[in-house]
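Just below is one structure, and these are the notes that go with it.
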Amino acid sequence: INPHIINHAENGRRNSISEDFLKAYITSLGFSWEDWEDFLKGRKTVYDLRQECKASIDQLDTDKLKAIHTMLSSFIS
């Protein structure tokens, strides 16, 4: 994606933004179209869920952190 096009879009110097451009831009940021629709509809997004999980993990004591780590590792492997 051309950074000049992004700059113009962000600063209101483009009359319209095509859905194809928007999809490519959202994907380049690591999000899906579904994430975008969730955001627009005020639903929790994947980003929100990850932030909440990280905040919860930061509050765990060591024993609980070890247990959660084991559980999360089982999902990844």
Side-chain angles (χ1 to χ4, degrees):
I1 296 176
N2 185 320
H4 298 290
I5 294 173
I6 294 170
N7 183 283
H8 284 220
E10 288 177 341
N11 291 296
R13 291 181 284 190
R14 285 185 62 115
N15 292 333
S16 65
I17 299 172
S18 72
E19 189 172 305
D20 289 337
F21 172 81
L22 192 55
K23 284 181 178 180
Y25 183 67
I26 290 167
T27 302
S28 75
L29 296 173
F31 297 102
S32 69
W33 189 253
E34 183 179 292
D35 296 331
W36 174 248
E37 288 179 336
D38 286 344
F39 171 76
L40 291 177
K41 293 176 181 175
R43 293 187 223 145
K44 277 194 180 182
T45 64
V46 170
Y47 177 81
D48 296 327
L49 293 173
R50 288 181 193 277
Q51 292 301 103
E52 288 178 17
C53 286
K54 289 174 184 176
S56 295
I57 288 170
D58 287 343
Q59 296 177 28
L60 294 175
D61 64 41
T62 302
D63 291 335
K64 289 180 182 175
L65 180 61
K66 287 178 182 178
I68 293 297
H69 178 265
T70 301
M71 184 185 71
L72 288 174
S73 295
S74 72
F75 287 123
I76 297 168
S77 0

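Start at 1 with the first residue, then count along the sequence.
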* To do: Check the pair Lys66 / Thr62 against side-chain contact (heavy atoms from CB on, under 4.5 Å), numbers first and verdict last.
  => CA-CA 6 Å; Lys66 287 178 182 178; Thr62 302; 3.7 Å; yes
* To do: Could you check if a side-chain atom of Ile57 sits within less than 4.5 angstrom of a side-chain atom of Lys54, using non-hydrogen atoms only?
  => no
* Aromatic rings Trp33 and Trp36: how do their planes relate, parallel, tilted or perpendicular, breaks at 30° and 60°? -> tilted
Which heavy-atom pair separates [X] from [Y] by the least distance, and what is that distance?
X: Lys64; Y: Leu60; result: CB-CD2, 4.1 Å
X: Phe21; Y: Ile5; result: CE1-CG2, 3.4 Å
X: Ala9; Y: Ile17; result: CB-CD1, 3.7 Å
X: Arg43; Y: Asp48; result: O-OD2, 4.1 Å
X: Ser74; Y: Met71; result: OG-O, 2.6 Å
X: Asn11; Y: Asn7; result: ND2-O, 2.8 Å

* Asked: Does Tyr25 belong to the same Ile/Leu/Val/Met/Phe/Trp/Tyr cluster as Val46, with side-chain heavy atoms less than 4.5 Å apart forming each link?
  -> no
Nearest 0.5 Å, please: how far is [atom2] in [Y] from [atom1] in [X]?
X: Thr70; Y: Leu65; atom1: OG1; atom2: CG; value: 9.5 Å
X: Tyr47; Y: Leu29; atom1: OH; atom2: CG; value: 12.0 Å
X: Asp38; Y: Ser32; atom1: CG; atom2: OG; value: 7.5 Å

* Expected output: side-chain Asn2 to main-chain His4 donor-acceptor under 3.5 Å -> yes
